[in-house]
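Each chain gets a letter, A, B and so on, in the order the sequences are listed, and its residues count up from 1.
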Amino acid sequence: MEEITKEVVPLTEAFYEQPTLELAKALLGCLLVRESTEGMAAGYIVESEAYIGPEDRATHSFNNKRTARTEIMFHHSGLAYTYLMHTHCLFNVVSGGEEKPEAILIRALEPVYGIDLMRKRRGIEDLTKLTNGPGKLIKSLAITMGDYGCSMTKPPLYIAKGFCPESISAGKRIGIDNSGEARDYPWRFWVTNNKFVSRHQKSELVFFQNPPGRADSSLLPGGFIHLT
DNA sequence: AGCAAGATTAGCT
DNA sequence: GCTAATCTTGCTA
């Protein structure tokens, strides 16, 4: 454990300053780390969803709605945006920069460190069900509303480099059926074929980090290759 | 002060 | 797949 903490270094603010759709993909494979008195727990981010400001009907800050809940979204990138949903707390990373209320929901992790601690916090044994959902992963890492507004660039809650996914899938976001046209935006991203994602869904787009036999110029705007 | 809605989950049919 | 659980937020009066 001593050795692990030396190697795991928080990503700096510059990382969070990329456009939200880029950041949502860049976060895949990164290590989300939680330190606490109980010990360290961490997992690779394998699923994310982008929520993009005033124009996105599914976003809490749609129409620049600024309330006690959404306030942190108007602040600088790289802060934690936590909020309550039914009986669960959900965790987002603020993006977009000052006065641009955007955020990325972290929907699933692949458990890496502190797995026994995660099992204890969740009260279940099954590894594949430990962190395969936004409400499950915050319980595994003991993230709470107390983390609202904290910076992700330093302990006790931060994101560090992990692995580089070979392929990223994209599809519709989950659970926003009442969001009009926004419900169909392909702003959910996941590590292709990763078994820790929250839901299986048809991939509408696929992004290859290193497209086999293709130059970058063959990619569609946004770096996507259409499947259909 | 009252009320409706919700970026979910677990458990059961 | 369907539904209850459970409670905060934000909006209206």
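Using a 4.0 Å cut-off between a side-chain N of Lys or Arg and a carboxylate O of Asp or Glu, Lys120(A) and Glu38(A) qualify as a salt bridge. With respect to the salt-bridge test (charged N to carboxylate O, under 4.0 angstrom), the residues Glu99(A) and Arg66(A) qualify.
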Between Ile45(A) and Ile159(A), is a side-chain contact (heavy atoms from CB on, under 4.5 Å) present by the stated rule, with each step listed? CA-CA 9 Å; Ile45(A) 296 168; Ile159(A) 293 171; 4.2 Å; yes
When you look at Arg121(A) and Ser140(A), which way does the side chain to side chain donor-acceptor pair (under 3.5 Å) test go after all the steps? CA-CA 6 Å; Arg121(A) 285 169 172 161; Ser140(A) 289; over 6 Å; no
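The side chain of Lys136(A) contributes an N or O atom lying less than 4.0 Å from OP1 or OP2 of dA10(B). Put simply, Arg122(A) has a side-chain N or O that comes within less than 4.0 Å of OP1 or OP2 on dA10(B). Residue Arg107(A) has a polar side-chain atom (N or O) positioned under 4.0 Å from OP1 or OP2 of dT8(B).
In the 5' to 3' direction, nucleotides of DNA chain C lying under 4.0 Å from heavy atoms of chain A begin and end at dA5(C) to dC11(C).
The interatomic distance linking Met85(A) (CE) with dA7(B) (P) rounds to 5 Å, in whole Å. Straight-line distance from the CG atom of Asn132(A) to the P atom of dA7(B): 20 Å, rounded to whole Å. We find that CZ of Arg199(A) is positioned 8 Å from P of dT8(B), with the value rounded to whole Å. Taking atom NZ of Lys129(A) as the reference point, atom P of dT9(B) lies 13 Å away to the nearest angstrom. The nearest whole Å value for the distance from the CG atom in Asn92(A) to the P atom in dA7(B) is 11 Å.
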Can you give the dot-bracket line for DNA chain C, where a pair is Watson-Crick or G-U wobble with both atom distances under 3.5 Å, crossing pairs use [ ], and | marks a partner on another strand? |||||.||||||.
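Within a 6.0 Å sphere centred on CZ of Arg199(A), heavy atoms belonging to other residues, nucleotides or ligands number 12 at most. Residue Asp184(A) qualifies as enclosed at atom CG: its count of foreign heavy atoms under 6.0 Å is above 12.
Checked against the 6.0 Å centroid criterion, the rings of His60(A) and Tyr51(A) do not qualify as a close aromatic pair.
Side chains of Lys172(A) and Arg188(A) form no contact here, defined as non-hydrogen atoms less than 4.5 Å apart.
Under the stacking criterion of a centre-to-centre distance below 5.5 angstrom and an interplanar angle below 30°, His86(A) sits stacked against the six-membered ring of dT8(B).
Near DNA chain B, defined here as any heavy-atom distance below 4.0 Å, the residues from residues 42-52 of chain A are Tyr51(A), listed numerically.
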